[in-house]
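Taking it in order: structure first as structure tokens, then the write-up.
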Amino acid sequence: NEYKSYLSSLDMAGKTPIFLFDVDGTLTQPRKVITDEMLSFMKSLSSVCTVGIVGGSDEAKIREQLDNHTNIASYLFSENGLVAKKNDEIIGKTNIIDEIGDDQLQKFINFVLGYMAGLELPCKRGTFVEFRSGMINVCPVGRSCTQQEREQFNEFDREHKIREKFVAAIKAEFPELRMKYSIGGQISFDCFPIGWDKTYCLQYIKNDFGEIYFYGDKTYEGGNDFEIFNHESVKGRTTNGPSHTIELVKGDLKSLGINL
């Protein structure tokens, strides 16, 4: 068809595009399951071009939000790409323990837990620190909160800057620690070594694709889409939700002379 012929010509010129997507706020509403409309669109898109998903969450959470339809993407980059899969096969995995060491991690976690003990929030639940392969996720309200409690904290955080102040306190306590702190989603923030943001996934695709499109909602400084959105090899797009994402992708396809 028209698009495959176009891709074939790009491939011969070394310019084949890949479309990368954030999950929360881009393919789905925050922590919600992908809608039938978005799923149908992504299936259509992936049938004619290469699609990748890059999320800050672990693979289990991404699969949950995509209702296990991870086959809509050839590449699945969970934890910013620290766990990388191509066609459901692992092509890379990085562990934060190897980078920082257990002694420093324990000091870090002890401080985080102590700081949270002094916070007064509308409510607190459970799972305040989640250790992942390539990062630590810190959640002041607790990841086991309900959807209503999640939204309640998000509103409280907007007014009182709980996460922003928390990150500032960590930076003051550990000025020598080469860590990046990325506020994403509604209730938590990620902590990982500098350079381990979403640009980490680019190493797996930069030599195979001539154009890299990325769609995300938290593209502002401090947001977990900021670095990849602004990367020199990426054409970044800011979305305000799933419906807007579809519009943006169609716009980019149209600029390539393609209607999906």
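Counting begins at 1 with the first residue of the sequence.
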Nearest heavy atoms of [X] and [Y], plus distance in Å:
X	Y	answer
F131	I136	CD1-CG1, 4.1 Å
Y200	G81	CD2-O, 3.6 Å
P193	E99	CG-CG, 3.7 Å
N80	G56	OD1-CA, 3.4 Å
M42	L27	SD-CD2, 3.8 Å
C201	L20	SG-CD1, 4.2 Å

Could you tell me whether the side chain of [X] and the main chain of [Y] form a donor-acceptor pair under 3.5 Å?
X	Y	result
T26	V23	no
H231	S233	yes
S47	S44	yes
D67	H69	no
K86	Y204	no
E164	K161	no
Q65	V33	no

Do [X] and [Y] come close enough that some side-chain heavy atom pair is under 4.5 Å?
X	Y	result
C139	F128	no
F166	V112	yes
C145	F153	no
S57	E79	no
V249	I246	no
I53	F77	no
I212	I205	yes
M135	C191	no

Relative to each other, are the rings of [X] and [Y] parallel, tilted or perpendicular (30° and 60° limits)?
X	Y	answer
Y115	F111	tilted
F209	Y75	perpendicular
F174	F108	tilted

Distance in Å, [X] [atom1] paired with [Y] [atom2], rounded so as to fall on 0.5 Å steps:
X	Y	atom1	atom2	result
D208	T16	CG	OG1	9.0 Å
I34	S40	CD1	OG	10.0 Å
D157	R163	CG	CZ	4.5 Å
M38	K43	CE	NZ	13.5 Å
K198	N224	NZ	CG	4.5 Å
Q106	I100	CD	CD1	13.5 Å

request  = Answer yes or no: does atom CG of D36 have more than 12 heavy-atom neighbours from other residues, nucleotides or ligands under 6.0 Å?
outcome  =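 It does not: D36 CG has 12 such atoms or fewer within range.
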
message = Check this for me: D103, atom CG, are more than 12 non-hydrogen atoms of other residues, nucleotides or ligands nearer than 6.0 Å?
response =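 Not buried by this count: 12 neighbours or fewer within 6.0 Å.
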
task = Go through the steps to decide whether I18 and V51 satisfy the test side chain to side chain contact (heavy atoms under 4.5 Å, CB included), and finish with yes or no.
result = CA-CA 6 Å; I18 183 172; V51 172; over 6 Å; no

task = Kindly state whether the ring of Y220 and the ring of F226 have centres lying under 6.0 angstrom apart.
result =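 No.
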
key: Verdict with reasoning, V234 to Y213, per side chain to side chain contact (heavy atoms under 4.5 Å, CB included)   = CA-CA 6 Å; V234 174; Y213 292 87; over 6 Å; no

ask   = Hey, is K85 close enough to E89 for a salt bridge, meaning N to O under 4.0 Å?
value =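 Salt bridge flag = no for E89 with K85.
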
message = Strictly below 4.0 Å, N to O, side chains only: are D225 and K218 in salt-bridge contact?
response =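 No, no charged N to carboxylate O under 4.0 Å.
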
key: Residues T50, F19; criterion side chain to side chain contact (heavy atoms under 4.5 Å, CB included); working and verdict   = CA-CA 6 Å; T50 304; F19 294 80; over 6 Å; no

query = Between V83 and D58, does a side chain to side chain contact (heavy atoms under 4.5 Å, CB included) hold up when you go through it step by step?
reply = CA-CA 8 Å; V83 180; D58 59 31; over 6 Å; no

task = May I have the step-by-step check of salt bridge (charged side-chain N to carboxylate O under 4.0 Å, His left out) for R63 and D88, ending in yes or no?
result = CA-CA 12 Å; R63 284 186 176 276; D88 213 31; 3.1 Å; yes

Option passing side chain to side chain contact (heavy atoms under 4.5 Å, CB included) with I228 (candidates D197, D22, T199) =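 Of the listed residues D197, D22, T199, the side chain to side chain contact (heavy atoms under 4.5 Å, CB included) partner of I228 is T199.
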
Under the side-chain hydrogen bond (donor to acceptor under 3.5 Å, both in side chains) definition, can you give me all pairs with a residue in [range], not counting sequence neighbours?
range	value
residues 123-150	K61-E130, R125-E149, E130-R132, N137-R143, N137-S188, N137-D190, R143-S188, T146-E149, Q147-E151
residues 237-254	Y215-D252, T219-T238, R237-D252, T239-T245, N240-H244
residues 168-184	K180-E227

